[in-house]
Amino acid sequence: MVKFIVGCFISAFTCVYLQAWGQELPDSVPRRIILNVTEKMASSVAINWQTSSQVRESFAEIALADADPRFVDKAVRKKAETEFVRLGDTVSSSYHSLVFDDLTPNTKYAYRVGQGNSWSEWFHFVTASDKETDSFQFIYFGDVQVNIRSLWSRVIREAFAKAPNARLQLYAGDIINRANRDEEWADWFEAGGFIHSMIPGLPSPGNHDHFNLPNGERAASVLWRPQFNLPLNGPEGLEETCYFVDVQGVRFISLNSDQAEESDHYLEAQRIWLERLLQNNPNTWTVVTFHHPIYSPKGTRDNKRMRETFKPLFDRYHVDLVLQGHDHTYARGMSKIPMEGKGKASGTMYVVSVSGPKMTGSHVEKKSWMDRSAIYTQLFQIVDVSPQKLSFKAYLATGELYDAFDLIKQEGNINKLVEQVPAGVPERQ
């Protein structure tokens, strides 16, 4: 039985209990090292890592990256916050997190984490630019969920090969299958390896990243906050699952659709919060991500609650791109979707995708809203952003281009959709 008791304060450490699944005890060498997005990515970076529970304090060192290995002599050290996590009665770990602030925009840094004689290798990352006119790329993954180490690993590695300089990698929920199963999180970290340590993650939680509390309420995995160090700018009670980040002219917004589906309170809280964000948005582009699709490719699913609550806001405030998961298939559409109350085409592109091997074949329909779709297909997506054009490319797990389109800004009108589907590539149906 999963134990979720939060308490047992040991100085600065918080004991959290969850189910143990026979994984090996991590040693003092740092592992599961991951960068996370921050509210100010041009000048800061968030870092998390794990060690054995015997490690009661750990550090990160950072310096300007340089081909001269003596750059390490100039590294600045910062102590991490440490959280103690116990798995069952015998296996325990320490999770460490910190944020480096006051960094220089568009600059390559090197960092490592550890303590004593146990340190990671040095990793590189590049801060975001502080200029909206500078173009950049980001990666988008649909559901990862199952067979992560064996069959998803190839997808993230193929994505990194295509976009090694991406500013962030976005996950549209269901990163693992059972929220509190540490073995699955271990597979996800191993599958991504050093990529997690070099490109900041922007994870949005799915239903499988949540679990049921005894009182019937839903909660994000007890490992979500120890493993991820995300912005605290969301509605109260949804911190680090519902948040926003501004990057080089794009406002990225993560909604917690599982809580929106399950809780009237959190649905309304997110609606109010989202409208404020969209009303006061100085960015050229707006990208919203969450798990349960506004339009589902699966005939047995219809997320009417999400659609009726959030689509009017997407239409009213001209959201450009909505990135979703949940249905284990690929579909995207814009040209046939009506704008709320306007009787004309929406300016918002809706995409559903899947990166892991769990597939939906039955009950998938070719619906009227879809411009392009696929079944039984693992994909990843790379999005290029410039001031007036957003270019979206969906690649197969084997690296071939499957789908592509451009969204072009038009003064006083909705985005112009330019189809870029590769010639001779049929729909995978």
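Note that the structure is a prediction, hence the values are computed from the model and not measured.
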Visitor: Compare all side-chain heavy atoms of Phe100 with those of Ser44 and state whether any distance is below 4.5 angstrom.
Guide: no

Visitor: Centroid-to-centroid, Phe141 to Phe380, below 6.0 Å?
Guide: no

Visitor: Is a side-chain N or O of Gln137 found less than 3.5 angstrom from the main chain of Ile382, in a donor-acceptor match?
Guide: no

Visitor: Tell me whether the count of non-hydrogen atoms from other residues, nucleotides or ligands lying under 6.0 Å of CZ in Arg77 goes above 12.
Guide: yes

Visitor: Please check if any side-chain donor atom of Ser53 sits under 3.5 Å from a side-chain acceptor atom of Ser92, or the reverse.
Guide: yes

Visitor: Does the cation-pi check pass for Lys409 over Trp285, that is, NZ or CZ under 6.0 Å from the six-membered ring centre and within 45° of its axis?
Guide: yes

Visitor: Can you tell me if Asp73 has over 12 outside heavy atoms packed within less than 6.0 Å of its CG?
Guide: yes

Visitor: Is the number of heavy atoms from other residues, nucleotides or ligands within 6.0 Å of NZ (Lys311) greater than 12?
Guide: yes

Visitor: Identify whether the distance between the nearest side-chain nitrogen and carboxylate oxygen of Asp182 and Arg32 falls below 4.0 Å.
Guide: yes

Visitor: Please check if any side-chain donor atom of Ser335 sits under 3.5 Å from a side-chain acceptor atom of Asp371, or the reverse.
Guide: yes

Visitor: Any chance the side chains of His210 and Glu262 put a donor and an acceptor closer than 3.5 Å?
Guide: no

Visitor: Answer whether the closest heavy-atom distance between the side chains of Met359 and Val354 falls below 4.5 Å.
Guide: yes

Visitor: Taking atom types as modelled, is there a side-chain donor on Ser204 or Asn256 under 3.5 Å from an acceptor on the other?
Guide: no

Visitor: Flag the pair Ile62 / Phe125 as yes when at least one side-chain heavy-atom distance between them is below 4.5 Å, and no otherwise.
Guide: yes

Visitor: Report yes if the distance between the aromatic ring centroids of Tyr171 and Trp188 is under 6.0 Å, otherwise no.
Guide: yes

Visitor: Taking the six-membered ring for Trp and the full ring for Phe, Tyr or His, determine whether the centres of Phe138 and Phe252 are under 6.0 Å apart.
Guide: yes

Visitor: Using a 6.0 Å cut-off, check whether atom CD of Glu81 has over 12 heavy atoms from anything other than its own residue.
Guide: no

Visitor: Ignoring hydrogens and geometry beyond distance, is a side-chain donor-acceptor pair present between Gln145 and Asn177 at under 3.5 Å?
Guide: yes

Visitor: Decide if atom CD of Gln279 counts as having more than 12 heavy atoms of other residues, nucleotides or ligands within a radius under 6.0 Å.
Guide: yes

Visitor: What pair of heavy atoms forms the shortest contact from Thr241 to Ala220, and how long is it?
Guide: CG2-CB, 4.1 Å

Visitor: Kindly say whether the aromatic ring centers of Phe189 and His196 come within a distance under 6.0 Å.
Guide: yes

Visitor: Could you list the residues that satisfy salt bridge (charged side-chain N to carboxylate O under 4.0 Å, His left out) with Glu275, not counting sequence neighbours?
Guide: Arg271, Arg316

Visitor: Contact between Asp174 and Asn207 at the side-chain level, heavy atoms closer than 4.5 Å - yes or no?
Guide: yes

Visitor: Any chance you could lay out the side-chain contact (heavy atoms from CB on, under 4.5 Å) test for Phe314 and Leu274, step after step, and finish with the verdict?
Guide: CA-CA 10 Å; Phe314 299 159; Leu274 177 62; 3.9 Å; yes

Visitor: Test Leu278 against Thr286 for side-chain contact (heavy atoms from CB on, under 4.5 Å), laying out the working first.
Guide: CA-CA 8 Å; Leu278 297 177; Thr286 304; 3.8 Å; yes

Visitor: Between His326 (side chain) and His292 (backbone), is there a donor-acceptor pair under 3.5 Å?
Guide: no

Visitor: Looking only at heavy atoms, what is the nearest atom pair of Ser129 and Gln248, with distance?
Guide: N-OE1, 2.7 Å

Visitor: Can you tell me if Glu83 and Tyr95 form a side-chain donor-acceptor pair at under 3.5 Å?
Guide: no

Visitor: According to salt bridge (charged side-chain N to carboxylate O under 4.0 Å, His left out), who are the partners of Asp209, at least two apart in sequence or on a separate chain?
Guide: none

Visitor: Taking side-chain contact (heavy atoms from CB on, under 4.5 Å) as the test, write out the residues that go with Glu190, two or more places apart.
Guide: Arg149

Visitor: Inspect the contact between Glu121 and Arg112 and indicate whether a charged nitrogen and a carboxylate oxygen are less than 4.0 angstrom apart.
Guide: no

Visitor: Check whether Lys162 reaches the backbone of Gly399 with its side chain - one donor and one acceptor, N or O, closer than 3.5 Å.
Guide: yes

Visitor: Mind listing the closest non-hydrogen atom pair of Leu323 and Leu321 along with its distance?
Guide: CD2-CG, 3.6 Å

Visitor: Does any donor atom in the side chain of Gln381 or Ser353 lie under 3.5 Å from an acceptor atom in the other side chain?
Guide: yes

Visitor: For residues Val222 and Phe211, determine if any side-chain heavy atom of one lies less than 4.5 Å from a side-chain heavy atom of the other.
Guide: yes

Visitor: Using distance alone, with no hydrogens and no angle criterion, decide if Ser58 and Gln115 have a side-chain donor and acceptor under 3.5 Å apart.
Guide: yes

Visitor: Determine whether more than 12 heavy atoms belonging to other residues, nucleotides or ligands lie under 6.0 Å from atom NZ of Lys358.
Guide: yes

Visitor: Compute whether any side-chain donor of one residue and acceptor of the other, for Asp258 and His291, lie under 3.5 angstrom apart.
Guide: no

Visitor: Do other residues, nucleotides or ligands put more than 12 heavy atoms under 6.0 Å from the CG atom of Asn413?
Guide: yes

Visitor: Under a 3.5 Å cutoff, is there a donor and acceptor pairing between the side chains of Gln259 and Arg218?
Guide: no

Visitor: Spell out, as yes or no, whether a donor-acceptor pair under 3.5 Å connects the side chain of Ser355 to the backbone of Asp143.
Guide: yes

Visitor: Are Ser296 and Asp327 close enough that a side-chain donor and a side-chain acceptor fall under 3.5 Å?
Guide: yes

Visitor: Under a 4.0 Å N-O cut-off, is there an ion pair linking Asp403 with Arg332?
Guide: yes

Visitor: Using modelled atom types and a 3.5 Å cut-off, is there a donor and acceptor pairing between side-chain atoms of Glu240 and backbone atoms of Arg225?
Guide: no

Visitor: I want to know whether Phe160 and Phe194 have ring centres closer than 6.0 Å.
Guide: yes

Visitor: Applying ring-ring contact (aromatic ring centres under 6.0 Å, His included), can you list everything that pairs with Tyr140, at least two apart in sequence or on another chain?
Guide: none

Visitor: Does the side chain of Val418 come within less than 4.5 Å of Lys416's, by heavy atoms?
Guide: yes

Visitor: Using 4.0 Å as the upper bound for N to carboxylate O, is an ion pair formed by Asp246 and Arg251?
Guide: yes

Visitor: Compare all side-chain heavy atoms of Phe310 with those of Leu267 and state whether any distance is below 4.5 angstrom.
Guide: yes

Visitor: Any idea which heavy atoms bring Ala60 and Val113 closest together, and the distance?
Guide: CB-CG1, 3.8 Å

Visitor: Ile294 versus Gln324: any side-chain heavy-atom pair under 4.5 Å?
Guide: yes

Visitor: Looking at residues at least two apart in the chain, or sitting in another chain, which of them share a ring-ring contact (aromatic ring centres under 6.0 Å, His included) with His318?
Guide: none

Visitor: Strictly by modelled atom types, are Asp134 and Asn106 linked by a side-chain donor-acceptor pair under 3.5 Å?
Guide: no

Visitor: Applying ring pair (Phe, Tyr, Trp, His ring centres under 6.0 Å), which residue pairs with at least one partner in residues 38-77 are found, sequence neighbours left out?
Guide: Trp49-His96, Phe71-Trp122

